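Bear in mind the structure is a predicted one, so any value in this text is a computation, not a measurement. The analysis underlying the following values was restricted to heavy atoms, covering all of them including side chains, and did not include hydrogens, waters or symmetry mates.
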Amino acid sequence: MAIATSAGGLHGASVVLAGLGPGLSVPVLLVQHLDPHHRTVIAQVLSRRVRLPVKLAEQDERARPGTVYIAPPDRHLLMSEDGVLTLSDSAAVHFVRPSADLLFESVAAAYGPRVVACVLTGSGRDGASGVEAVKAHGGTVIVQDPLTAEFSGMPQAAVGTGAMDFVLPLEEIAAVIRGLVEDKRQ
């Protein structure tokens, strides 16, 4: 499960992650565009709002089901097919690092039709080419309805690709993710 967000994303990620509840059978990888020049407290803030363990991802860490891994500031987050996380300082994509596009492309290549990718509120276009990769590999794409997003740029760009399976209000996304994760696990 991969989630991407930017402006307004702390609230959006909180709502979705809180709705997933404990006992989730897959890891959650989260790209939130963060200021690379400041220490981040996003993991601590989300930990107080959700019932899943939340942490900044670490290089060569094995992703565990039911844990939320956040891309650290100024590092791309990637995942291999054996569930190992990689942090990269390769070039920014669409002026951002971490990049939703790179995260989505890496999980799509590794897990194909088992991937669920979700684009939430944010400005810019990050995530649009990534959702196309997820769809091309048979995965499922959920996009927050741009009309309900605090910032509609990222959701609108994702919808504009035509590669989405669901366009939903923020409050409905977690229930659909839970259903998809259980379906894909079986």
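Contact record, M154 with S123: CG-O, 3.4 Å, taken as the closest heavy-atom pair. Here the shortest heavy-atom pairing between R51 and P22 reads CZ-CD, 3.5 Å. L77 and I70 make their closest contact through CD2-C, 4.4 Å (heavy atoms, listed as atom of the first residue, atom of the second, distance). Contact between P155 and V143 at its shortest, heavy atoms only, is O-CG1, 3.5 Å. Scanning all heavy atoms of the two residues, the minimum distance from V131 to A128 falls at CG2-O, 3.1 Å. Of all non-hydrogen atoms in R97 and A92, the two that sit nearest each other are NH1-N, 4.0 Å.
In this structure, L56 is a member of the same hydrophobic cluster as V41, with clusters built from ILVMFWY side-chain heavy atoms closer than 4.5 Å. Note on V84 and L29: separate hydrophobic clusters, where clusters join Ile, Leu, Val, Met, Phe, Trp and Tyr whose side-chain heavy atoms are under 4.5 Å apart, directly or indirectly. The same ILVMFWY cluster, assembled from side-chain heavy atoms under 4.5 Å apart, contains both V116 and V16. Using a 4.5 Å cut-off between side-chain heavy atoms of Ile, Leu, Val, Met, Phe, Trp and Tyr, with links allowed through other members, L78 and M1 fall into different hydrophobic clusters. Under the 4.5 Å side-chain heavy-atom criterion for Ile, Leu, Val, Met, Phe, Trp and Tyr, V31 and L102 are members of distinct hydrophobic clusters.
Atoms OG1 and CG, from T5 and L30 in turn, are 7.5 Å apart once rounded to the nearest 0.5 Å. Separating the CD1 atom in I3 from the OH atom in Y69 is a distance of 14.0 Å, to the nearest 0.5 Å. Atom CG in L170 sits 10.5 Å away from atom CD in E150 (nearest 0.5 Å). Between Q144 atom CD and M164 atom CE the span is 14.5 Å, to the nearest 0.5 Å. The CD atom of Q156 sits 9.0 Å away from the CG atom of D145 when rounded to the nearest 0.5 Å. The structure places OG of S129 at 3.0 Å from CG of D101, a figure rounded to the nearest 0.5 Å.
T140 is listed as a side-chain neighbour of F166, based on a closest heavy-atom distance under 4.5 Å. In this structure, the side chains of S14 and L46 come closer than 4.5 Å at one or more pairs of heavy atoms. Under the 4.5 Å side-chain criterion, counting only non-hydrogen atoms from C-beta, F151 is not in contact with S6. For the pair L17 and V68, the minimum side-chain heavy-atom distance is below 4.5 Å. Under the 4.5 Å side-chain criterion, counting only non-hydrogen atoms from C-beta, D74 is not in contact with D89. For the pair Y111/M79, a side-chain contact is recorded, criterion being any heavy-atom separation below 4.5 Å from C-beta on. With contacts defined as side-chain heavy-atom distances shorter than 4.5 Å, the pair L120/V15 does not qualify. Looking at T67 and L52, their side chains never come closer than 4.5 Å, going by heavy atoms from C-beta outward.
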Step-by-step side chain to side chain contact (heavy atoms under 4.5 Å, CB included) determination, L10 to R49
CA-CA 10 Å; L10 185 59; R49 297 180 181 186; 3.7 Å; yes
Verify side chain to side chain contact (heavy atoms under 4.5 Å, CB included) between V167 and I142, making sure each step is shown before the conclusion.
CA-CA 6 Å; V167 178; I142 301 170; over 6 Å; no
Going through the distances and angles, do T86 and S80 end up as a side chain to side chain contact (heavy atoms under 4.5 Å, CB included)?
CA-CA 8 Å; T86 301; S80 66; 5.7 Å; no
Apply side chain to side chain contact (heavy atoms under 4.5 Å, CB included) to the pair F104 and V119, showing each step before the final yes or no.
CA-CA 10 Å; F104 289 168; V119 177; 3.7 Å; yes
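Using modelled atom types, one side-chain atom of T161 and one backbone atom of A158 make a donor-acceptor pair closer than 3.5 Å. Side chain of S25 to backbone of V181: no donor-acceptor contact under 3.5 angstrom is found. Checking side-chain atoms of H76 against main-chain N and O of S99 turns up a donor-acceptor pair under 3.5 Å. Listed for the H137 side chain is no donor-acceptor partner under 3.5 Å among the backbone atoms of P113. Proximity of a side-chain donor or acceptor of E61 to a complementary backbone N or O of L85 within less than 3.5 Å is not detected. Under a 3.5 Å cut-off, the side chain of Q59 and the backbone N or O of L87 do form a donor-acceptor pair. R62 contributes a side-chain N or O that, together with a main-chain N or O of D82, makes up a donor-acceptor pair within less than 3.5 Å.
Among residues two or more places apart in sequence or in another chain, the side-chain hydrogen bond (donor to acceptor under 3.5 Å, both in side chains) test is passed with S152 by none.
Within 6.0 Å of CZ in R125 there are 12 or fewer heavy atoms belonging to other residues, nucleotides or ligands.
Using modelled atom types, one finds a donor on one side chain and an acceptor on the other under 3.5 Å when comparing D126 with H33.
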